[in-house]
Engineer: 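My questions will all concern the structure given below.
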Amino acid sequence: MKMPEPDAEVIARRADIARALGKIVPGEGVIDDRAALRAYESDGLTAYRQPPMIAVLPETVAQVSAVLRYCHGEGIKVVPRGAGTSLSGGALPLADGILLGLGKFNRVLDIDYANRCAVVQPGVANLAISQAVEAAGFYYAPDPSSQIACSIGGNVAENAGGVHCLKYGLTTNNLLGVELVLMDGEVVRIGGRHLDSAGYDLLGVITGSEGLLGVITEVTVRILPRPPSARAVLIGFPSAGSAGDCVAGVIGAGIVPGGMEMMDNPAINAAEDFVAAGYPRDAAALLIVELDGPEVEVDHLVERVAGIARDFGATSIRVSENEDERVNFWAGRKSAFPAVGRISPDYYCMDGTIPRRRLPEVLGRMAEMSEKFGLRVANVFHAGDGNLHPLILYDANNPGELERAEAFGEAILRLCVEVGGVLTGEHGVGVEKRDLMGTMFSDEDLKQQQRLKCAFDPDQLLNPGKVFPVLHRCAELGRVHVRGGQTRFPDIPRF
């Protein structure tokens, strides 16, 4: 993994840049002490580390705008950062760049129950949105496993999902609007409290753009009434293949669960040791299927799912009898990542998506890869939509193990594409999958994507080195092509 060569001239101006930024964000808003900067040297992909040249922690939109305007004028690169939970290196700093931390943007600005939406700042934690509206019987549906920590701005940047994304969708399906600061400091608003906007789907462009197009300073999300009833079913299977077949059987029967998650035996036992959720330790694979809606419908669907599971050889079936038990069933799955951290010094969390029907085949081939690379793997999946999260276990203190883990991860991602899937479901490309983009896209595909970036950031100062394996100059690419013409997106509402 290679990042762009640092600009020595910019680094030489470090002290002057810090002073200029200190005038924009006074007090403790600028961090240039080299020891203090180590707190920002990586995100959740800890295998890659690089302290930023300077970290800036603005508190207002005006400060964000002024910082970006200054960096734009001085040709200084900027890496936006939320909570730092990204698992693809999306917030990996640059040696010659500013790290723009948005942790102080942490307020819920408005809750509009009439329009079923909430307006929040990007540093608000995912779970905090649901907590802010729970007294009125509402919640925010996307629920990544890191929801207690991950920020909503980061969720938008990566198009995060969660265990309930099968029925309720990813971030993009629950996002109504954003306020965005462009690299030249211009503040624009895209979408709002209404369901849809006319013209280009700029909100769709921004969602999942990984900090390459602008800095999000406000987010409007959809909130939903809590279902009147919800029950979770724990189903143990003698093999991962039979569990995968059951997933296809449930979906094929026309049932759309609120959530459908899968764990293999190493993940089951790690989670059970960590949470004591009552998981069947002897099962080769575990499905957690949640049904929600009116109580009579839920009871009916629970019986149907149990019947389908028995048809596919389930060895155990347990249904939650109350809300505490349902939450406890999910606690094990949502704690899977820290739980696996107790059984291995290090692990590498992957993220790829495959067609559901290929799940048994992919699991079998991953087991063969585990033998080939000599590394264990614990598997947790958003089984309903085919989003895999293999956790490759290794010890970075042992020479060569990190490199083997990376090679194992690359083989898994290539397999995902081979069977008709994609490189990522919700973690993003960042630096982790950047050099594999050519397995999915042609050179012209990637150039067209870069033309889109150039429409927002023609000097390519925002988060460079991420997503694109080869970075072309905007002047070489020309403008983004739309229906045979050439355009730069017009008519963005501005302040």
Side-chain angles (χ1 to χ4, degrees), residues 2-5 7 64-65 68-69 71-73 75-82 86 88-94 96-100 153-154 156-159 171-172 178-188 190 199-217 422-424 427-438 440-483 485-492 494:
K2 186 177 181 181
M3 297 296 285
E5 289 296 324
D7 187 326
V64 173
S65 176
L68 291 180
R69 189 181 306 114
C71 291
H72 180 259
I76 301 167
K77 302 165 188 172
V78 178
V79 176
R81 178 187 173 103
S86 167
S88 62
L92 181 69
L94 298 168
D96 58 347
I98 304 302
L99 186 134
L100 188 67
V156 175
E158 304 290 0
N159 193 21
T171 300
T172 188
V178 298
E179 180 185 77
L180 187 77
V181 185
L182 303 180
M183 187 63 216
D184 62 3
E186 186 175 15
V187 181
V188 301
I190 300 170
Y200 296 118
D201 180 18
L202 296 180
L203 193 60
V205 168
I206 296 300
T207 309
S209 60
E210 303 194 36
L212 271 68
L213 306 183
V215 176
I216 295 167
T217 50
V422 296
L423 290 173
T424 181
H427 291 179
V429 176
V431 295
E432 177 203 21
K433 308 180 184 80
R434 181 196 63 191
D435 296 338
L436 292 173
M437 287 285 278
M440 272 187 64
F441 300 106
S442 69
D443 288 343
E444 189 53 43
D445 291 333
L446 292 170
K447 287 179 181 178
Q448 182 72 345
Q449 291 177 35
Q450 288 186 53
R451 291 185 184 104
L452 184 58
K453 175 174 173 54
C454 290
F456 285 81
D457 178 24
D459 296 323
Q460 305 201 58
L461 295 174
L462 271 172
N463 220 8
K466 315 294 171 60
V467 179
F468 300 116
V470 177
L471 197 60
H472 298 277
R473 292 167 54 90
C474 289
E476 299 169 354
L477 292 168
R479 293 183 175 181
V480 65
H481 297 275
V482 179
R483 295 180 183 172
Q486 294 183 325
T487 185
R488 184 185 190 278
F489 291 124
D491 303 327
I492 301 175
R494 290 165 164 81

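The model shown is predicted, which means the values in this text are computed figures rather than measured ones.
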Engineer: Excluding sequence neighbours, so at least two apart, what forms side-chain contact (heavy atoms from CB on, under 4.5 Å) with Asp459?
Structural biologist: His72, Leu461

Engineer: Start with the C-alpha distance between Val205 and Phe456, add both sets of side-chain angles, then the distance that settles side chain to side chain contact (heavy atoms under 4.5 Å, CB included), and finish with yes or no.
Structural biologist: CA-CA 11 Å; Val205 168; Phe456 285 81; 4.2 Å; yes

Engineer: With sequence neighbours left out, write down each residue that passes salt bridge (charged side-chain N to carboxylate O under 4.0 Å, His left out) with Lys466, or none if nothing qualifies.
Structural biologist: none

Engineer: Considering non-hydrogen atoms only, spot the tightest contact between Ala157 and Gly211 and give its length.
Structural biologist: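 Ala157 and Gly211 have their closest heavy atoms at CB-N, 4.3 Å.
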
Engineer: So do the side chains of Val470 and Asp443 get within less than 4.5 Å of each other, counting heavy atoms only?
Structural biologist: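 Answer no - side chains too far apart.
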
Engineer: Checking Asp7 now: which residues fulfil salt bridge (charged side-chain N to carboxylate O under 4.0 Å, His left out) with it, not counting sequence neighbours?
Structural biologist: none

Engineer: Just so I know, are the side chains of Glu158 and Thr424 near enough to count as touching, which here means a heavy-atom distance under 4.5 Å?
Structural biologist: no

Engineer: Does any N or O in the side chain of Asp96 come within less than 3.5 Å of the main-chain N or O of Lys77, such that one atom is a donor and the other an acceptor?
Structural biologist: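 No, Asp96 side chain to Lys77 backbone: no donor-acceptor pair under 3.5 Å.
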
Engineer: To the closest 0.5 Å, what do you measure between CG (Leu68) and CG (Leu100)?
Structural biologist: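 So the gap between those two atoms works out to 6.0 Å.
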
Engineer: Begin with the C-alpha distance, continue with both residues' side-chain angles, and end with the deciding distance and a verdict on side chain to side chain contact (heavy atoms under 4.5 Å, CB included) for Val178 and Thr207.
Structural biologist: CA-CA 9 Å; Val178 298; Thr207 309; over 6 Å; no

Engineer: Using only atom types and a distance under 3.5 Å, with no angle test, would you say the side chain of Glu432 pairs donor to acceptor with the backbone of Gly89?
Structural biologist: no

Engineer: Please identify which of these residues, Thr172, Leu180, Leu212, meets the side chain to side chain contact (heavy atoms under 4.5 Å, CB included) condition with Ile206.
Structural biologist: Leu180

Engineer: If you measure from NZ on Lys447 to NE2 on His472, what distance do you get to the nearest 0.5 Å?
Structural biologist: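 That separation rounds to 5.0 Å.
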
Engineer: Of all the heavy-atom pairs spanning Leu477 and Gln450, show the shortest one and how long it is.
Structural biologist: CD1-CB, 3.6 Å

Engineer: Roughly how far, to the nearest 0.5 Å, is CG of Leu92 from CZ of Arg81?
Structural biologist: 10.0 Å

Engineer: What closest approach, in Å, do Ile76 and Met183 show between heavy atoms, and which atom pair accounts for it?
Structural biologist: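 Scanning both residues, the minimum pair turns out to be O-CE, 3.9 Å.
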
Engineer: Using modelled atom types only, decide if a donor and an acceptor are shared between the side chain of Ser88 and the backbone of His427 within a distance under 3.5 Å.
Structural biologist: yes

Engineer: Looking at CG of Leu436 and CG of Leu423, how far apart are the two atoms once the value is rounded to the nearest 0.5 Å?
Structural biologist: 6.0 Å

Engineer: Are there more than 12 heavy atoms of other residues, nucleotides or ligands under 6.0 Å from atom CG of Asp445?
Structural biologist: yes

Engineer: Could you check whether any side-chain N or O of Arg434 sits under 3.5 Å from a backbone N or O of Gly465, counting only pairs where one atom can act as donor and the other as acceptor?
Structural biologist: yes

Engineer: Quick check for you: to the nearest 0.5 Å, what is the distance between Met437 atom CE and Phe468 atom CZ?
Structural biologist: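 So the gap between those two atoms works out to 6.5 Å.
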
Engineer: Please answer whether the main-chain N or O of Val429 pairs with a side-chain N or O of Glu210 as donor and acceptor at a distance below 3.5 Å.
Structural biologist: yes

Engineer: So which atom in Gly90 and which in Asn463 form the shortest heavy-atom distance, rounded to 0.1 Å?
Structural biologist: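 So the minimum-distance heavy-atom pair works out to O-ND2, 3.1 Å.
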
Engineer: Do Thr171 side-chain atoms and Asn159 backbone N/O form a donor-acceptor pair below 3.5 Å?
Structural biologist: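 Not a single qualifying donor-acceptor pair exists.
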
Engineer: For residues Ala91 and Pro80, report the shortest heavy-atom separation together with the two atoms involved.
Structural biologist: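 Nearest heavy atoms, Ala91 then Pro80: CB-O, 4.1 Å.
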
Engineer: Minimum heavy-atom separation for Val181 and Ser65, please, with both atom names.
Structural biologist: CG1-CA, 3.8 Å

Engineer: How far does CD of Glu179 sit from OG1 of Thr217, to the nearest 0.5 angstrom?
Structural biologist: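 Atom-to-atom, Glu179:CD and Thr217:OG1 are 3.5 Å apart.
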
